[in-house]
Amino acid sequence: MARDGHMTSELATGRSPPRARAAARDLAVSQVREVANAGFGAPNLAKFWFGEGDQPTPAFIREAAAQALAEGRTFYTHNRGAAELRAALGDYLQGLHGRAFRTDSLSITSGGISALMIAMQAVLDPGDHVVAVTPVWPNLVEIPRILNAKVTRVGLRAEDGIWRLDLDELLSAITPGTRLVLLNSPNNPTGWVLPPEDRAPLLDHCRRLGVWLLTDDVYERLDFRSPGAPGSFLPDSDPEDRLISANSFSKGWRMTGWRLGWLVAPPSLEPEIGKLLEFNTSCPPDFLQAGALAALKGATPYIDELRLELAARRDRLWAGLNAIDGIATARPDGAMYVLLRVMGETASVALAKRLIAEAGLGLAPGAAFGPESEGWLRWCFATGREAMDEGLTRLADWMGRRQ
Ligand code: PLP
């Protein structure tokens, strides 16, 4: 048994193999990945399962990073990002939200995921209670589990073709024993957007109880109701609120592979955020930060065009899905996803795998985002129109011959 050398020594010593701690072992495996892995190697698949488009980052951003790399910007920067980039982020946010932001409230992170991790490392203790609006991108509710905090889910419900939040249910779930509320709007996977009239009661409730509100704003520029970032809590908050906004360059600028994001947090957290960044990633690569600087400076009109294009694709996909007999949908107001149901099907992972094998179509299973979206499938509409039309044809054909 040479191949299992460790097993031989295990038998010899009577010891069990080394294992990670329980919180790490208990983390859920991504069911989007499970389905995607089942599809790798399948020829000619039309894939819409990941949250990204098929176009690279705009050239003006890539060129800025390439130039910085050519100039030798290959050194560490400040933990919270290069001063020039933080200043530009402050200007960008002021333009968007109509109020000034102190630079000690801003930090550049390694993607939206790192912004969320750092924020939660800064405020969560083991045993803390977190309330999350779900279904949601699974990483958001797994991070508290890494930190040994407990998550209570408040589920959106699809009613009359629209996802809705029961605000009273959310407010009553947030008690004096709650440490943190997690809110992602526009939401992945539903495309749900928090109604503007729900913002003030939620913020007031958190203020009264001294509860942290962490908003995952990575889709804030992809809100189809109006330009800008109409759903943000930042304009109505003051810098000492227990409010943290996690954001990313990934979705608004097509920069998923760059791993760049940012945090807006009360300035009183600045020392801890700096230390946590040091111990997690130290800082994002300097030459990539040059790309982020170009992205912020060129945000308008680039993002407005992207938003309009995505809204048009949403309409096209929406109409295409609703034209297929046996398909039900709930209309998204933002982000880049539509959830759909196939009548009579309730197990989304099995259904997603069948669609790969029988229709050549790659969709993400709703179960990956929580029990609230089990039975649904998520279709990302950030890909080009031709690919989308081909996907719709495959789905319609499959529905026609489905057993
Ligand atoms: N938050 C949500 C809701 C997301 O859907 C994603 C990515 O899909 C992220 C955060 C992470 O963004 P990033 O790729 O910048 O880490």
Side-chain angles (χ1 to χ4, degrees), residues 28 30-33 35-36 47-53 56-57 61 81 89 107-121 130 132-144 146 151 153 156 163 180-194 213-223 229 231-232 244-264 277 280-281 284-285 288-289 291-292 295-296 303 306 310 332-339 363-366 368-370 372-373 378-383:
S30 161
Q31 287 171 305
V32 179
R33 277 280 170 195
V35 167
K47 293 174 286 203
F48 308 97
W49 43 41
F50 292 140
E52 60 187 355
T57 305
I61 300 173
L89 179 60
S107 304
I108 307 299
T109 61
S110 297
I113 181 65
S114 174
L116 292 163
M117 176 61 94
I118 298 291
M120 290 196 240
Q121 285 178 350
V130 173
V133 176
T134 53
V136 78
W137 188 56
N139 303 35
L140 218 65
V141 285
E142 292 300 311
I143 294 172
I146 296 176
V151 178
R153 306 172 74 97
L156 303 171
W163 289 91
L180 173 76
V181 176
L182 278 174
L183 182 78
N184 167 229
S185 160
N187 169 265
N188 174 9
T190 60
W192 164 81
V193 178
L194 181 76
L213 177 59
L214 172 54
T215 59
D216 176 338
D217 297 329
V218 310
Y219 298 101
E220 73 173 1
R221 302 300 307 269
L222 306 180
D223 183 332
S232 176
I244 305 180
S245 160
N247 215 317
S248 173
F249 289 88
S250 293
K251 312 291 176 171
W253 287 268
R254 293 193 168 110
M255 291 172 70
T256 47
W258 293 60
R259 317 309 310 128
L260 287 173
W262 72 84
L263 270 177
V264 184
L277 281 163
N280 276 272
T281 52
L288 296 186
Q289 294 189 50
L296 289 174
I303 292 186
L306 178 66
L310 282 173
D333 279 332
M336 44 174 72
Y337 314 100
V338 171
L339 283 183
L363 302 179
F369 308 92
E372 308 83 5
S373 49
R378 190 193 71 174
W379 185 316
C380 174
F381 52 81
T383 49

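As the structure lists them, so they are numbered: ligands from 1, and atoms in each ligand from 1. Source: prediction; values computed, not measured. Throughout, residue positions are numbered sequentially from 1 according to the sequence presented.
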Which residue supplies the protein heavy atom nearest to atom 2 (C) of ligand 1, what is that atom called, and how far is it?
-> D216 OD2, 3.3 Å
Going by the atom numbers of ligand 1, which of them fall below 4.0 Å from some non-hydrogen atom of R259?
-> 13 (P), 14 (O), 15 (O), 16 (O)
Under 4.0 Å from a heavy atom of K251: give me the atoms of ligand 1 that qualify, with their elements.
-> 7 (C), 8 (O)
Within 4.0 Å of some non-hydrogen atom of V218, the atoms of ligand 1 are 1 (N), 2 (C), 4 (C), 10 (C)
In chain order, what residues pass the salt bridge (Lys or Arg N to Asp or Glu O under 4.0 Å) check against E52, with sequence neighbours excluded?
-> none
What residues form a side chain to side chain contact (heavy atoms under 4.5 Å, CB included) with L306, not counting sequence neighbours?
-> L222, R254, Y302, L310
Run the numbers for me: atoms of ligand 1, each under 4.0 Å from some heavy atom of S248, listed by number.
-> 13 (P), 15 (O)
Among Y219, W258, W137, closest by any non-hydrogen atom to atom 9 (C) of ligand 1 | W137
How about N247 and S245: does a side-chain donor come under 3.5 Å of a side-chain acceptor?
-> no
Determine whether the side chains of T57 and W253 contain a donor N or O and an acceptor N or O closer than 3.5 Å.
-> no
Flag L260 as yes when one of its N or O atoms lies below 3.5 Å from any N or O atom of ligand 1, and as no otherwise.
-> no
Heteroatom distance test (N184, ligand 1): nitrogen or oxygen, under 3.5 angstrom | no
Subset of ligand 1 atoms that lie under 4.0 Å from at least one heavy atom of S250 = 13 (P), 14 (O), 15 (O)
